[in-house]
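One structure is given below, encoded as structure tokens.
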Amino acid sequence: MKKYNFWSLLLFIPFGLGLYIALNECIIGFERGAFDLLRNLAPAMDIPFRGITELGSTVGVIIITLLIFVITAITRKYFFTVGLPVAITVIISPIVNRIIKNLLDRPRPEFKVLFADESSFPSGHAQNNMALYIGLLLCLLLVVTAPKWRLIFKIAFITLPLLIGITRIYFGVHYISDVIAGWSMGAFLAILINYVYFKIYNNIKDKRNAKA
């Protein structure tokens with residue numbers, strides 16, 4: 001990622017919208033309506049959605065990140081272009097999420113189905129998984145040239161964090177504005193971290209090549 005796409009700054013728009021709603025509770029009826037609409041899928045979707053939401057848990061994100069990190073480190077292939085930048089993104093995103101949560105401390109929805117004891121805004125599941133999978137996607141697109149695989153990665157790594165966020169609304173542990181803001185912040189962090197990382201990486205690589 002040699003060039004930063006400043007259009008990514010537009011990702012702050014949905015985050016800002018979610019923040020405004022969180023602070024003003026201006027469409028709380030709509031937020032409850034989104035939960036009620038998704039719960040019409042119960043109980044048929046309880047088990048698959050529970051599996052998806054667990055995949056997006058902190059433990060799930062750590063396991064997936066460690067697998068990527070270890071595999072790229074052992075094979076010595078794509079460690080510096082995939083494994084390391086993905087790991088950095090996954091470390092930074094929860095820190096940012098925790099800071100925002102502590103500043104706002106928005107209560108969880110009263111209609112939640114699953115137990116959740118942290119503050120609600122923004123959704124950690126939505127943010128951290130969007131950061132992980134968009135970060136992974138950006139890295140893979142740098143090293144994968146086959147059009148078929150590039151399309152598969154795009155579909156898979158965009159769809160998965162979207163589904164994980166939807167499960168958080170389905171189980172009532174987040175308002176829809178929490179999830180939208182989480183998606184927005186996660187995608188922005190992935191783009192920003194990848195830009196900074198590869199700018200440093202390419203500078204180091206160029207200097208080494210110049211000395212060789």
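Throughout, residue positions are numbered sequentially from 1 according to the sequence presented. These numbers were taken from a predicted model, which means no experiment stands behind them.
Counted within 6.0 Å of CZ on R39, heavy atoms from surrounding residues, nucleotides or ligands total more than 12; the atom is thus considered enclosed. More than 12 heavy atoms of other residues, nucleotides or ligands shown are found within 6.0 angstrom of CG on L103. The environment of Y20 atom OH is sparse: at most 12 non-hydrogen atoms of other residues, nucleotides or ligands sit within 6.0 angstrom. Summarising the local packing, CZ of F79 is surrounded by more than 12 heavy atoms from other residues, nucleotides or ligands at distances under 6.0 Å.
Side chain of N202 to backbone of F198: a donor-acceptor contact under 3.5 angstrom is found. The backbone N or O of G186 sits nowhere less than 3.5 Å from a side-chain atom of Q127 that would complete a donor-acceptor pair. Between the side chain of S93 and the backbone N or O of T89 there is no donor-acceptor pair closer than 3.5 Å. Under the 3.5 Å distance criterion, the side-chain polar atoms of T167 are matched with a main-chain donor or acceptor of I164. Although no hydrogens or angles enter the test, the distance criterion places a donor-acceptor pair under 3.5 Å between the side chain of N128 and the main chain of G124. In terms of modelled atom types and a separation under 3.5 Å, the side chain of T159 and the main chain of A156 share no donor-acceptor contact. Of the possible donor and acceptor atoms, one in the side chain of R150 sits under 3.5 Å from a partner among the backbone N and O of L141.
Residues L162 and W183 form a side-chain contact, since some pair of their non-hydrogen atoms from C-beta on lies under 4.5 Å apart. Counting heavy atoms from C-beta outward, P122 and N97 have side chains that approach closer than 4.5 Å. L66 is listed as a side-chain neighbour of I62, based on a closest heavy-atom distance under 4.5 Å. Within the 4.5 Å cutoff, the side chain of N129 has no heavy atoms near those of the L160 side chain. At a threshold of 4.5 Å between non-hydrogen side-chain atoms, the residues R108 and Y175 do not count as touching. Taking 4.5 Å as the limit, some side-chain heavy atom of Y133 sits within range of a side-chain heavy atom of I64. Two residues are said to be in side-chain contact when any heavy atoms from C-beta on lie closer than 4.5 Å; K112 and S120 fail this criterion. At least one side-chain heavy atom of D46 sits under 4.5 Å from a side-chain heavy atom of Y170.
Residues I191 and L9 share a hydrophobic cluster, clusters being chains of Ile/Leu/Val/Met/Phe/Trp/Tyr side chains in contact below 4.5 Å. In the hydrophobic cluster analysis, where Ile, Leu, Val, Met, Phe, Trp and Tyr join through side-chain heavy atoms closer than 4.5 angstrom, L55 is grouped apart from I63. Connection of I180 to F30 is established within a shared hydrophobic cluster, with ILVMFWY side chains joined at heavy-atom distances below 4.5 Å, either directly or through further cluster members. L23 and M185 end up in the same hydrophobic cluster when Ile, Leu, Val, Met, Phe, Trp and Tyr side chains are linked at under 4.5 Å. I71 and L132 fall into different hydrophobic clusters, defined by Ile, Leu, Val, Met, Phe, Trp and Tyr side-chain heavy atoms under 4.5 Å apart, directly or through other members.
Taking CD1 of I88 as the reference point, atom OG1 of T65 lies at 12.0 Å (rounded to 0.5 Å). In this structure, the separation between CD1 on I92 and OH on Y197 is 12.0 Å, given to the nearest 0.5 Å. Rounded to the nearest 0.5 Å, atoms CD1 (I169) and OG1 (T53) are 11.0 Å apart. L84 contributes atom CG, which lies 8.5 Å from atom OG1 of T72 (distance to the nearest 0.5 angstrom). Summarising the geometry, atom CG belonging to L114 is positioned 10.5 Å from atom NE2 belonging to H174; distances are rounded to the nearest 0.5 Å. In this structure, T81 OG1 and L140 CG are separated by 8.5 Å, a value rounded to the nearest 0.5 Å.
Aromatic ring centroids of F121 and F15 lie under 6.0 Å apart.
Between S177 and R106, the shortest heavy-atom contact is OG-NH1, 2.9 Å. For A87 against F69, the heavy-atom pair with the smallest separation is CB-CD1, 3.8 Å. N194 approaches C139 most closely through the heavy-atom pair OD1-SG, 3.2 Å.
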### Task
Quick one: do E31 and I21 satisfy side-chain contact (heavy atoms from CB on, under 4.5 Å)? Show the steps, please.
CA-CA 10 Å; E31 304 238 73; I21 294 170; 3.5 Å; yes
### Query
Taking it one step at a time, do F171 and F49 satisfy ring-ring contact (aromatic ring centres under 6.0 Å, His included)?
CA-CA 9 Å; F171 288 116; F49 273 11; 7.0 Å; no
